[in-house]
Visitor: 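I'd like to ask some things about the structure below.
In what follows, every heavy atom counts, from backbone to side chain, and hydrogens, waters and symmetry copies are set aside. In what follows, every chain begins at residue 1, and chains take the letters A, B, ... in the order their sequences are listed.
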2 protein chains.
Amino acid sequence: MFNEITQEEAYNTEHLQRPAKTISMHAESSFKVACSNCNLRELCLPIGLSTDEMKQLDGMVATRKKIKQGGHLYSSGDAFTTLYAIRTGFFKTCVVSEDGREQVTGFQMAGEIVGLDGIVADKHNCNAIALEDAEVCVMPFNHVEDLSREIPVLQRHVHKIMSREIVRENGVMMLLANMRAEERLAAFLLNLLQRLHARGYSKSELILRMTREEIGSYLGMKLETVSRTFSKFSDEGIIEVKQKNVRILDHEKLKTIFNSSTC
Amino acid sequence: MFNEITQEEAYNTEHLQRPAKTISMHAESSFKVACSNCNLRELCLPIGLSTDEMKQLDGMVATRKKIKQGGHLYSSGDAFTTLYAIRTGFFKTCVVSEDGREQVTGFQMAGEIVGLDGIVADKHNCNAIALEDAEVCVMPFNHVEDLSREIPVLQRHVHKIMSREIVRENGVMMLLANMRAEERLAAFLLNLLQRLHARGYSKSELILRMTREEIGSYLGMKLETVSRTFSKFSDEGIIEVKQKNVRILDHEKLKTIFNSSTC
DNA sequence: CTTGGAGTTTGATGTGCGTCAATAATGATG
DNA sequence: CATCATTATTGACGCACATCAAACTCCAAG
């Protein structure tokens, strides 16, 4: 039987020293908006910063900004001025073609940086939309660049973040061009699990913040196929699915599906 | 979108009367290896450099390197130390999955930068393979970073190059996830034409440096489908195809195919 | 010249996923 | 609580592209 996963349960595992609640309490508390105080600094910031450098960095975040579920952090065509570090909540980024087709290009969670698409043309190339109520750190890009020139380890960090995005998208291209529906969904789940695990969440259950249609868009398949594939995994005892709640029953089998050329 | 000329590239168009052959002759000549002498500097380098800054930049390229057709500029897993600017020739980059499936992630030509995938993990994530005899400028990444800290306009340029790659890959994701074979091939041809045109080549003919299989890998379709789609375009009087040579007869129709939701 | 291999084209057939449609589950709202 | 909109599930059917197969072109080596 599938017991419903409450948010609290899913968000609270033995690995999690800092549950999300605490983070948002800090945000409301008397602490200054400063990276050096931030619970997410291991995710956002480079390691090996000196105390002085950390102090310099505290100026990087100009303000914080709250976005309601469904709200746009930025939209395609908006002038680009800042990057955003996600503090809480879940986002999707998507491009829209001339004829109106939407393509989800990624899902982003706490500690990840969005807005990099805007640098090349000084305007954003996609929409960033909150999939749940969220809060971000606003980092004016000029400021990031100024600090990068002062702090080489930050400079390298910025380069790595951009390179990581390039490599991620290479992986998505492989996924879209070569893999079948089951492999895509397995890859998607494993990727989400791994990133959530790095944030202290369970390796065996997760709550999907996005709809089947959004998953489908990202994976290049129709929502019906996403649903069917979930059902298939469920029938095979690999996962338990109840709407947005997913429990992983056979992590190994999921991995096998992911990198088997079952053709 | 996918085939849009970026602001940065657009300004080059009028300046480039010289075909690639002239460039490689210069490479053999007595000119010192220096960006300030390079015919491709409008493609590789930021605009608005002072004479002093240009002089500083001349140190960026450590050496040049020739790669024979089929040779690897770098391979997946290789230690990352340098970026490469392509001087002459044509490259493909491709990732290989654990089970051996190859995915072409891009085709690169003169003036474009390869190697960005290596930054995040200090080792390369893909193979870069010459599709014809080629020459590249070797730019040690430490050096690029050092100079970026000195020259803000170079720093911004590096960021733009990486952002451009991210945006390009967003477009490819749209292509792979949403478009049908004809749209993909039309997009591919238009993109190649636009980039070649920015380098002084004809808008109405091109020579494909890659095989049908490589095109197919990039576009997420089988080589037979690539071939059939070429034949279809040919039957419809949109292009003329003779092996690797393609002549565009109806540029407008190609554009229509590209962004029509013919569904 | 001939030979062989790599690349390409084209046809016949199969299939994974899209499309269309009906129903169910869920959450939001008054 | 009832109502409605959104999201998800499931089935029946069709199609775009993959697969399999054969022949053709081109070019390099002998």
Visitor: B:Leu131 has an atom CG; how far is it from atom P of C:dA6, in whole Å?
Guide: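 It is 17 Å, rounded to the nearest whole Å.
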Visitor: Under 4.0 Å, heavy atoms only, any strand: does A:Gly216 hit a base, just the sugar-phosphate, or nothing?
Guide: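 Result for A:Gly216 = nothing.
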Visitor: Whole angstrom is fine here: how far is it from CG in A:Leu219 over to P in C:dG16?
Guide: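 To the nearest whole Å, that distance equals 19 Å.
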Visitor: May I ask you to verify if any side-chain N or O of A:Thr225 is less than 4.0 angstrom from the OP1 or OP2 atom of C:dG18?
Guide: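 For A:Thr225, the contact criterion (side-chain N or O under 4.0 Å from OP1 or OP2 of C:dG18) is met.
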Visitor: Go through the steps to decide whether A:Met109 and A:Leu192 satisfy the test side chain to side chain contact (heavy atoms under 4.5 Å, CB included), and finish with yes or no.
Guide: CA-CA 10 Å; A:Met109 58 179 76; A:Leu192 271 189; 3.9 Å; yes
Visitor: Whole Å only: how far is the CZ atom of A:Phe230 from the C1' atom of C:dA25?
Guide: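 Checked: the CZ to C1' distance equals 16 Å.
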Visitor: Send over the distance from A:Arg184 CZ to C:dC17 C1', rounded to a whole Å.
Guide: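 My rounded result for the distance is 10 Å.
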Visitor: Starting from the C-alpha separation in whole Å, work towards a yes-or-no answer on side chain to side chain contact (heavy atoms under 4.5 Å, CB included) for A:Ile67 and A:Tyr84.
Guide: CA-CA 12 Å; A:Ile67 311 283; A:Tyr84 303 93; over 6 Å; no
Visitor: OP1 or OP2 of D:dA8 versus the side-chain N and O atoms of A:Ser227: is any pair under 4.0 Å?
Guide: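 Looking at the OP1 and OP2 atoms of D:dA8, neither is under 4.0 Å from any side-chain N or O of A:Ser227.
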Visitor: On DNA chain C, compare the nucleotides closest to A:Gln243 and A:Met179; which residue's is nearer the 5' end?
Guide: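 That would be A:Met179.
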Visitor: Rounded to the Å, how far apart are B:Lys222 NZ and D:dA18 C1'?
Guide: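 Whole-Å distance recorded here is 7 Å.
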Visitor: The side chain of B:Lys242 is closest to which nucleotide in this list: C:dA25, D:dC26, C:dC17?
Guide: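 Selected nucleotide (nearest to the side chain): D:dC26.
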Visitor: So, is B:Lys244 close to the C:dT8 phosphate, meaning a side-chain N or O under 4.0 Å from OP1 or OP2?
Guide: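 Answer yes for this pair, as a side-chain N or O of B:Lys244 is under 4.0 Å from OP1 or OP2.
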Visitor: Could you walk me through whether B:Gln103 and B:Ser97 satisfy the side-chain hydrogen bond (donor to acceptor under 3.5 Å, both in side chains) test, starting with their C-alpha distance in whole Å, then the side-chain angles of each, then the deciding distance to 0.1 Å, before giving a yes or no?
Guide: CA-CA 8 Å; B:Gln103 172 62 36; B:Ser97 71; over 6 Å; no
Visitor: Among D:dA21, D:dA8, D:dA18, find the nucleotide with the atom closest to the side chain of A:Thr211.
Guide: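 Ranking D:dA21, D:dA8, D:dA18 by closest atom to the A:Thr211 side chain puts D:dA8 first.
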Visitor: Where the side chain of A:Ser231 is concerned, which of C:dT8, D:dA21, D:dT10 is the nearest nucleotide?
Guide: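 It is D:dT10.
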Visitor: Remember a base hit wins even if backbone is also touched, and classify B:Glu224 as base, sugar-phosphate or nothing at under 4.0 Å, heavy atoms.
Guide: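 Here B:Glu224 touches the bases of the nucleic acid.
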Visitor: Side-chain N or O of B:Arg228 less than 4.0 angstrom from OP1 or OP2 on D:dC17?
Guide: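 Checking B:Arg228 against D:dC17: no side-chain N or O falls below 4.0 Å of OP1 or OP2.
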Visitor: Which whole-number value in Å describes the distance from B:Leu176 CG to D:dA16 P?
Guide: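 For the pair B:Leu176 CG and D:dA16 P, the rounded distance is 19 Å.
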Visitor: If you apply the rule side chain to side chain contact (heavy atoms under 4.5 Å, CB included), what do you find for B:Phe233 with B:Val246, and how did you get there?
Guide: CA-CA 11 Å; B:Phe233 285 175; B:Val246 178; over 6 Å; no
Visitor: Can you check the A:Arg101 CZ to C:dG18 P distance for me, whole Å?
Guide: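 Computing the A:Arg101:CZ to C:dG18:P distance gives 14 Å.
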Visitor: Taking the six-membered ring for Trp, are B:His124 and B:Tyr74 parallel (under 30°), tilted (30 to 60°) or perpendicular (over 60°)?
Guide: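 Taking B:Tyr74 first and then B:His124, their aromatic rings lie parallel (interplane angle under 30°).
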Visitor: What is the distance, rounded to the nearest whole Å, between atom CE of B:Met221 and atom P of D:dC15?
Guide: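 Nearest whole value for this atom pair: 20 Å.
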